[in-house]
Amino acid sequence: MTNVKEDIQALTEQIRYHNHRYHVLDDPEISDADYDRLFKRLAALEAAHPELAAPDSPTRRVGAAPQDAFARVPHRIPMLSLENGFHESDISDFDARMKRFLSDDAPIQYTVEPKIDGLAVELVYENGRLKTASTRGDGVVGEDVARNIKTLLAVPLTLTPPRKGNLPVLLEVRGEVYMEIEAFRRLNEDRIGKNLAPFANPRNAAAGSLRQLDPRVTAKRPLDMFCYGVADPGPTGIAAHYDLMVALQAWGLRVNRPQLHVCDTIAGVQERCRVLEQTRAEFPYEIDGAVIKVNHLDLQRRLGEKSRSPRWAMAFKFKPTQETTRVTKIDVQVGRTGALTPVAHLEPVEVGGVIVQRATLHNEDEIGKKDIREGDWVVIQRAGDVIPEVVKTIESRRSGEERRFVMPAHCPVCGAGAVRKPGEAVHRCPNADCPAQAKESLKHFVSKGAMNIDGLGDKKITQLIEKNLIREEADLYSLTYEHLIELDNFKDKSANNLLKAIETSKSTTLAKFIYALGIRHVGEHVAQLLADNFGRLDSIQNATKNDLTWDKKEDTGIKGVGDAIAESVVFYFQDPLKRKAVDRLVDAGIRFGETEALAESAVTGKTFVLTGTLPSLKRTDAKERIARKGGRVSSSVSANTDFLVAGDSPGSKLARAESVGVAVIGEEELLALLGEGNNSRNGR
Ligand code: IVH
């Protein structure tokens, strides 16, 4: 029994450590699969010995059973909001106010950090243990979302005590729960695939995901959290906001350290705000402003608060990503999968620095739900670089002249009867030969993230199709100089450049090729998952729905691939016409770096651990070569390890490998296994 207890403790510690590395430090040490193995082992031990399972075990994060309503939780200290400023002069006014209030003209140190667009949450830790978690609510009383918050891996259930001193007995941490833009997009893609209404923006997605009565739903949503303050920093004895954030991080909480800047002058604060606004599109999450705080906590205390906001902080709000404009007309675009998407043409308006003239209306049901009519005044928004969309119409501005939109019964390009399958929200053009579909597929095929063939824009593709020079992707590879030079839009140089670009595109990666095919629901990310997991085109082509769909319990399928994606991949490759089109591409000479390498080898399916310095190969290089031949590299030695590759100064992994009887090899043997012995390696 003592052994089991120790095992549970050791596994718990390891999992906590890896959670922290992954979710707080963004620097994982082990692969997802290794992590899953640790997790499963712990869950199995706890299931067999429930009396030994800790109440705050990491396995408890998967989500408890649903409840009827959220309990109300009063905040011991109210959660205030921030006063907003919109102009740079509001920042200098703020500084002047601080100095006036303190009756001191000495320069004040400020911190500047991004204002994350999510929802505010309070975490209460007592003696280092997470006791309650609540939403802001009205600031005085919030909703108890503890069971949901516990599913967020960025939130530690227990804090790490400092090496010197103690954790505060009571710590009320505040922060923002949010969803990354990419995760939001994937969630929406998945929802659209399942005929569920997409979320309007990452903030709504985060709020909707956290405020779930069933924590098991929250557990499946990719939520994150940044902590940005504590209700009462007094008992910590810490002197400044910056140091407080450093301490929170040391205790295991996730803070936005790389984006937390200390500025000694108000000009420096303004500059920092400017930089944040200019680079906001580069952040993986949405930010709607910058938060400026007086750095020193004793000054914060002296400044105190007004009724709704602290005096010592302000939000500098960025230009909005929502705007109001008019819908001039609604028409329908045909996508590469035949989807007929209604699109609103707008009176041009600037949104977050970009002129917007069009917005997607998604499908017939969305238009119906929002009751969007031609001539309507509407609110539109851009989230990150997502295609702009119409949020709502402004009914009070209707004149009565607005025209309702009716989904056309026919494809606007080829005239085929449009079909809407039962249970689906989209209308589709069923004609596989529809020129609009062909054109959109080709546009996608040549695009940057796909085959990256430069010099083939909309007009040129249209012309090539109209002149019957191309019908499908593989036809691109039969184009000749003589074909091109005949056309309006080509001159000697552009024709040669295009032919060169087409030739260069033949050598690509499996992921890019899969993405280029334009399979429904297979974006760049999913294509990469497919390539990483199957390694070869034929394996992807022959994969069954079962091989693809992620099943956590059974540990089958691919993490990140759900039903809708799996079905779509299988459906695509079952179509003999599609298979033929793919064969034609391969026959045209398209090659993936991986194909040749992934031929079965001694390395396929084997697990390696690397330790020490290898004589000639860099660690990343060795990893890549092993992965290319279908092997795996893990970071710790276990019974599942096949080979430990040891270089100079190997460290404890070597001893561990020897004690569990794992084969230990050197670089030369590794290269031999890879089929890259001296001769072949020099030939590369
Ligand atoms: S400090 C007294 N820092 O913005 C409030 N707030 O109205 C102290 N927010 O609901 C807030 N990112 O949830 C602070 N880095 C950040 C923030 C941030 C987002 C939210 C906060 C609050 C709203 C302010």
Side-chain angles (χ1 to χ4, degrees), residues 75-86 90-91 94 98 110-123 133-143 145 149 152 154-155 171-181 201-204 206-207 210-211 223-234 240-246 248-249 253-263 269 272-273 275-277 280 283-297 299-301 303-318 320-321:
H75 302 295
R76 193 178 66 90
I77 299 175
M79 289 180 79
L80 303 178
S81 54
L82 291 169
E83 191 168 301
N84 291 328
F86 300 92
D90 294 332
I91 300 174
F94 168 72
M98 297 301 103
Y110 294 101
T111 57
V112 181
E113 61 200 271
K115 184 168 181 299
I116 312 287
D117 201 6
L119 70 152
V121 161
E122 178 173 71
L123 312 172
S134 51
T135 59
R136 178 172 180 276
D138 62 5
V140 179
V141 179
E143 287 173 318
V145 286
I149 277 288
L152 265 72
V155 175
L171 186 70
E172 294 142 314
V173 184
R174 287 160 181 192
E176 200 82 352
V177 168
Y178 67 95
M179 191 179 289
E180 288 203 346
I181 297 169
N201 52 49
R203 174 164 34 85
N204 288 6
L210 188 65
R211 297 184 67 263
L223 291 176
D224 241 316
M225 178 169 183
F226 276 132
C227 298
Y228 54 61
V230 303
D232 176 16
H241 174 64
Y242 185 87
D243 303 334
L244 181 63
M245 292 303 107
V246 173
L248 290 186
Q249 185 174 47
L253 291 153
R254 189 160 179 267
V255 302
N256 201 353
R257 269 284 282 293
Q259 292 301 330
L260 178 61
H261 286 255
V262 177
C263 302
V269 171
R272 193 63 221 149
C273 290
V275 170
L276 277 176
E277 178 156 14
R280 68 188 292 195
F283 285 79
Y285 42 81
E286 287 215 10
I287 59 180
D288 57 344
V291 181
I292 305 162
K293 297 173 185 170
V294 169
N295 191 26
H296 286 99
L297 299 175
L299 289 187
Q300 285 191 6
R301 266 187 294 274
L303 287 157
E305 53 224 18
K306 296 179 283 180
S307 64
R308 302 218 335 262
S309 54
R311 202 170 273 114
W312 45 263
M314 72 169 278
F316 174 73
K317 297 286 286 249
F318 297 158
T321 48

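Just follow the structure's listing: the first ligand is 1, and inside any ligand the first atom is 1. One is the number of the first residue; the rest follow in order along the sequence. Worth saying up front: this structure is predicted, and the values here are computed from it rather than measured.
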Any protein N or O within less than 3.5 Å of an N or O in ligand 1? List each pair with its distance, or say none.
from     : atom 1 : to     : atom 2 : distance (Å)
ligand 1 : 3 (N)  : Lys293 : NZ     : 3.2
ligand 1 : 4 (O)  : Lys115 : NZ     : 3.4
ligand 1 : 7 (O)  : Leu82  : N      : 3.0
ligand 1 : 12 (N) : Ile116 : N      : 3.0
ligand 1 : 13 (O) : Glu176 : OE1    : 2.4
ligand 1 : 13 (O) : Tyr228 : OH     : 2.7
ligand 1 : 15 (N) : Glu113 : OE1    : 2.9
ligand 1 : 15 (N) : Pro114 : O      : 3.2

Among all residues two or more places apart in sequence or in another chain, which pass the side-chain contact (heavy atoms from CB on, under 4.5 Å) test with Arg311? Met98, Phe101, Leu303, Lys306

Of Glu143, His75, Met79, the residue whose pairing with Ser134 passes side-chain contact (heavy atoms from CB on, under 4.5 Å): His75

Going by the rule salt bridge (charged side-chain N to carboxylate O under 4.0 Å, His left out), which residues pair with Arg203 if we only count those two or more places apart in sequence or in a different chain? Asp117

Identify which one of Leu253, Asn256, Val255, Val177 satisfies the side-chain contact (heavy atoms from CB on, under 4.5 Å) criterion when paired with Phe226. Asn256

Check salt bridge (charged side-chain N to carboxylate O under 4.0 Å, His left out) between Glu176 and all other residues, then give those that pass, not counting sequence neighbours. none

Answer yes or no: are there more than 12 heavy-atom neighbours, outside Arg301 itself, under 6.0 Å from its atom CZ? yes

